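Counting starts at 1 for both ligands and their atoms, following the listed order. Owing to the predicted nature of the structure, the values given are computational and were not obtained by experimental measurement.
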Amino acid sequence: MIGVAVLGSTGSIGVSTLDVIARHADRYRVVALTANGNHQRLLEQLRQFRPAYAVMADENAASRLDAAVRAEGLDTEVLAGADALERVAELDEVDQVMAAIVGAAGLGSALAAARAGKRVLLANKESLVVAGHLFMEAVAAGGAELLPIDSEHNAIFQCMPTGFRDGLAASGVTRILLTASGGPFRAWPIEKLARVTPAQACAHPNWDMGRKISVDSATMMNKGLELIEACWLFGTDPEHIQVVIHPQSVVHSMVEYADGSVLAQLGNPDMRTPIAHAMAWPERMDSGVGSLNLFDIARLDFEAPDLARFPCLRLAGEAMRAGGTAPAILNAANEIAVQAFLDERLPFVAIAATIEKTLSALPVEPVETLGQLMETDRRARAIAEQFITARV
Ligand code: NAD
Ligand code: MG
């Protein structure tokens, strides 16, 4: 039996992961489940999957969950706090760690899984954006297997030659074509973007996702974060990655080779495909996703991204080129701005402006330690918050 810890099990990716696991109960055993504050949702999952451990980031929620677990006589140990997230990621009986916490809050536990040499199923792209260099070092030092869950990166991984880690040029790869749906506002008149509501931004045309990544898709910061994620995962730079708008989200990304071949991975837009792929790799298993009906889809469109409409995509490329602490600043400012937009304290179009101002306000330094990145993250959040407060 393969032991799995699902970090962020109550979220969109977490729930899809448990759906895949439930289809293969003969092969996978859930060892730990974790959530932020929704103890009711986690309790339901404990009843179904009976893990040895449950972690709630919030201490009060953990106490409530512990009381409920005892009252029901469930055999799960309830732990609380960020340290406990790292502890369950390192457990001997855990072989695979699904890193599906949203935001920089997922970095510590994903790093712990990498250091402990686990198969890391990485959904939390923010880990690579904030600490790409340190994260890849931890994977190498720990002897971990890093498998991308983000659908585009999983697609790219599937289209890569086996020796890609020796360098893309050496293995005949010339370019990565990173596809993007363009989000709900791809074809809206630009002047209407000023009045966008959180509900409109979260209504993604093709994917059903958590609120933060849904807003990131609407601003296209999601593609910006994914550009940075791809640079670290595949050892390349933004010059070798072309973002391609593809509104149908059927081609999940492509890899171009020196001989002119372009390999693509296609499928229905359902995260259970990359999840099942990464869990079973190098084998294949059923994910519950239906077969692709190309006659219904009928056509696939491709267009160039519009950087004037989507300044976040430009900002992410600039941050990756600047290097050092710049992507960590970008990520922190984005998390604060997106939350302020969701709380209706910041207009949609001011998200990019808040990030740009935060990037200009802080010096970019070479990355030496995790502590330095945490401090950069904290300062960038405080500055972004100041810009948002100063607007009103
Ligand atoms: P979500 O908001 O639906 O779920 C987030 C999970 O993290 C929940 O279980 C929540 O309880 C937990 N969490 C939130 N804050 C926490 C904190 N401070 N400490 C501990 N736990 C915390 O998000 P999601 O859509 O499932 O996305 C999760 C990650 O996967 C993100 O990094 C996202 O970018 C990435 N991702 C998601 C999708 C998708 O289809 N949803 C696709 C690709 C990548
Ligand atoms: Mg993606």
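Shown are the protein N/O/S atoms under 2.8 Å from the Mg ion (ligand 2), given by residue and atom: D150 OD1, E152 OE1, E226 OE2.
Each of the following atoms of ligand 1 lies closer than 4.0 Å to a heavy atom of N124: 32 (O). Near I213, the atoms of ligand 1 lying under 4.0 angstrom from a non-hydrogen atom of the residue are 25 (O), 33 (C), 34 (O), 36 (N), 37 (C), 38 (C), 42 (C), 43 (C), 44 (C). Those atoms of ligand 1 that come under 4.0 Å of a heavy atom in A123, given as number and element, are 30 (O), 32 (O), 35 (C), 36 (N), 44 (C). The A35 neighbourhood of ligand 1 comprises atoms 11 (O), with distances under 4.0 Å to a heavy atom of that residue.
Residue-level proximity to ligand 1 for M271 is carried by the side chain, the only part with a heavy atom below 4.0 angstrom.
Residues satisfying the side chain to side chain donor-acceptor pair (under 3.5 Å) test with R195, not counting sequence neighbours, are none.
Among all protein heavy atoms, the one lying closest to atom 18 (N) of ligand 1 is A105 CB, 3.4 Å. Among protein heavy atoms, the minimum distance from atom 34 (O) of ligand 1 is reached at K125 CE, 3.1 Å. Protein heavy atom closest to atom 28 (C) of ligand 1, with residue, atom name and distance, is A100 O, 3.4 Å. Protein heavy atom at the shortest distance from atom 21 (N) of ligand 1 is I101 CG2, 3.7 Å. The single protein non-hydrogen atom nearest to atom 43 (C) of ligand 1 is D150 OD1, 3.1 Å, given as residue, atom name and distance. In this structure, atom 3 (O) of ligand 1 lies nearest to the protein heavy atom S12 N, 2.9 Å. The protein heavy-atom contact nearest to atom 25 (O) of ligand 1 is G210 N, 2.9 Å. Summary of contacts: the protein heavy atom closest to atom 20 (C) of ligand 1 is A57 CB, 3.6 Å.
When the options V97, V31, L7 are evaluated for a side-chain contact (heavy atoms from CB on, under 4.5 Å) with V88, the one that passes is L7.
At least one N or O atom of G8, backbone or side chain, sits closer than 3.5 Å to an N or O atom of ligand 1. The shortest N or O to N or O distance between G37 and ligand 1 is not under 3.5 Å. Considering backbone and side-chain atoms alike, N36 places an N or O below 3.5 Å from some N or O of ligand 1. Here's the thing with R211: none of its N/O atoms is less than 3.5 angstrom from an N/O atom of ligand 1.
When the heavy atoms of S9, G11, G108 are ranked by distance to atom 4 (O) of ligand 1, first place goes to G11. Scanning T34, T10, V15, L7 for the heavy atom closest to atom 9 (O) of ligand 1 points to T10. Nearest-residue assignment for atom 5 (C) of ligand 1 (options L33, V102, I275, I13; heavy-atom criterion): V102.
Side chain to side chain, Q248 and D301 meet the donor-acceptor criterion of an N or O pair below 3.5 Å. One side chain, E256 or T174, offers a donor N or O that lies under 3.5 Å from an acceptor on the other. Judged by distance alone, the side chains of Q45 and S9 do bring a donor and an acceptor atom under 3.5 Å apart.
When all heavy atoms are compared, the tightest approach of M209 to S214 is O-OG, 3.5 Å. When all heavy atoms of S171 and Y257 are compared, the closest pair comes out as O-CE2, 4.1 Å. When all heavy atoms are compared, the tightest approach of H246 to V251 is NE2-N, 3.0 Å.
Using a 4.5 Å heavy-atom threshold, the side chains of Q96 and I2 count as touching.
Ligand 1 lies less than 4.0 angstrom from a heavy atom belonging to E126.
With salt bridges taken as basic N to acidic carboxylate O contacts below 4.0 Å, one links E385 and R345. With respect to E303 and R186, a salt bridge is recorded, a charged nitrogen being found less than 4.0 Å from a carboxylate O. For R378 and E375, the salt-bridge test passes: some basic side-chain N is under 4.0 Å from an acidic carboxylate O. The existence of a salt bridge linking K212 and E126 is confirmed by a sub-4.0 Å separation between a basic side-chain nitrogen and an acidic carboxylate oxygen. Between K223 and E226 there is a salt bridge, since at least one side-chain N of the basic residue sits less than 4.0 Å from a carboxylate O of the acidic one. Contact check on E356 versus R314 returns a salt bridge, with a Lys/Arg side-chain nitrogen under 4.0 Å from an Asp/Glu carboxylate oxygen.
Here F348 and F185 bring their ring centres to under 6.0 angstrom of each other.
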